[in-house]
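Inspection log for the structure reproduced underneath, given as structure tokens.
All residue numbers refer to positions in the sequence shown, counting from 1. Not measured: the values here are computed from a predicted model.
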Amino acid sequence: MLRRLLLTAAVSATAALSWAPGATAATTATPATNGDTPGVAAVPLASPSGLSGPSASRAALAGLTAFTGGPSSLFSALPALMPPPARPEDSSDRLTVTVAGAGGGADGTFELDCHPAGGTHPHAAEACDRLDRMTTWGKDTFAPVPPDALCTMEYGGPATAHITGTWAGRPVDARYDRSNGCEISRWNALMPVLPGTRP
């Protein structure tokens, strides 16, 4: 009697484990044979690893973490949208400033190196400081005037400028003039990188 009870308990425990929550079930149609009524039988299937339920979930998570190198690597693998602002330790910030029509001996082509300041620019240190103050994460320091900007109809003179090179890890190719109020303000905001002009 005791042996029968133990055997019954073992069979019940095995059945309960095979139907544990999280086990994958596949539903297959069974054909009618020998007078059987057609029906649907749910057949429990184990995961490929032989695990089911929480154990399978933990194994899958461990595999994903091992494959990706850890959760942090999922974010570190994403490319940066924009390089960081200029920092004192950066040494690759180099610009070429070409000015024409400014008058007063300000015309010419000048090399501007920053961090540390140097080059042939007549006001290298002040120009680098100005660029550092203007550099902000997510903003183009040399952005043109927006095409939909409302600008005053004023003329600031024939001066033009062209700045090329690299700043804060980004290529620079910007043109400046003083053809209206917006362009005049854009020019003045970059002084002394760009020179003052004479009327």
Side-chain angles (χ1 to χ4, degrees), residues 60-199:
L61 179 59
L64 177 61
T65 301
F67 178 75
T68 60
S72 61
S73 65
L74 294 175
F75 298 97
S76 61
L78 295 176
L81 298 179
M82 183 172 290
R87 302 168 299 171
E89 60 266 32
D90 291 334
S91 58
S92 60
D93 297 321
R94 175 171 297 177
L95 300 172
T96 299
V97 183
T98 301
V99 180
D107 295 350
T109 298
F110 310 95
E111 300 296 328
L112 175 62
D113 297 331
C114 295
H115 313 121
T120 59
H121 193 285
H123 306 287
E126 295 86 348
C128 291
D129 288 343
R130 180 59 181 159
L131 288 172
D132 284 340
R133 290 195 300 270
M134 292 180 64
T135 302
T136 305
W137 177 272
K139 180 181 178 182
D140 184 358
T141 306
F142 304 91
V145 174
D148 59 347
L150 298 177
C151 305
T152 57
M153 299 298 293
E154 58 181 305
Y155 181 64
T160 61
H162 187 201
I163 301 177
T164 59
T166 303
W167 180 259
R170 304 181 65 199
V172 176
D173 188 349
R175 295 185 180 275
Y176 294 79
D177 60 50
R178 299 175 65 84
S179 58
N180 58 50
C182 295
E183 294 292 356
I184 293 172
S185 295
R186 179 171 173 252
W187 180 296
N188 292 344
L190 209 59
M191 292 171 57
V193 180
L194 297 180
T197 59
R198 292 192 175 186

Check the pair Arg94 / Thr166 against side-chain contact (heavy atoms from CB on, under 4.5 Å), numbers first and verdict last.
CA-CA 5 Å; Arg94 175 171 297 177; Thr166 303; 5.8 Å; no

Nearest heavy-atom pair of [X] and [Y]: which atoms, and what distance?
| X | Y | value |
| --- | --- | --- |
| Val99 | Val97 | CG2-CG1, 3.9 Å |
| Ala102 | Asp107 | N-OD1, 2.8 Å |
| Ala168 | Asp93 | N-OD1, 2.8 Å |
| Gly118 | Ala124 | O-CB, 3.6 Å |
| Leu112 | Cys128 | CD1-SG, 3.8 Å |
| Pro195 | Trp187 | O-NE1, 2.9 Å |

Taking side-chain hydrogen bond (donor to acceptor under 3.5 Å, both in side chains) as the test, write out the residues that go with His123, two or more places apart.
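Residues passing side-chain hydrogen bond (donor to acceptor under 3.5 Å, both in side chains) with His123: none at all.
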
List in chain and number order the residues that pass salt bridge (charged side-chain N to carboxylate O under 4.0 Å, His left out) with Arg186, two or more places apart in sequence or in another chain; answer none if no residue qualifies.
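Counting only residues at least two positions away or on another chain, Arg186 forms a salt bridge (charged side-chain N to carboxylate O under 4.0 Å, His left out) with Glu183.
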
From [X] [atom1] over to [Y] [atom2], what is the distance, rounded to the nearest 0.5 angstrom?
| X | Y | atom1 | atom2 | result |
| --- | --- | --- | --- | --- |
| Thr96 | His121 | OG1 | NE2 | 11.0 Å |
| Tyr176 | Leu190 | OH | CG | 4.5 Å |
| Leu95 | Trp167 | CG | CH2 | 6.5 Å |
| Phe110 | Ile163 | CZ | CD1 | 12.0 Å |
| Thr98 | Arg175 | OG1 | CZ | 9.0 Å |
| Phe142 | Asp173 | CZ | CG | 11.0 Å |

What's the verdict on side-chain contact (heavy atoms from CB on, under 4.5 Å) for Arg170 and Thr141, showing C-alpha distance, side-chain angles and the deciding distance?
CA-CA 10 Å; Arg170 304 181 65 199; Thr141 306; over 6 Å; no

Just by modelled atom types, is the Ala189 backbone N or O under 3.5 Å from a matching donor or acceptor in the Arg130 side chain?
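Answer holds: yes.
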
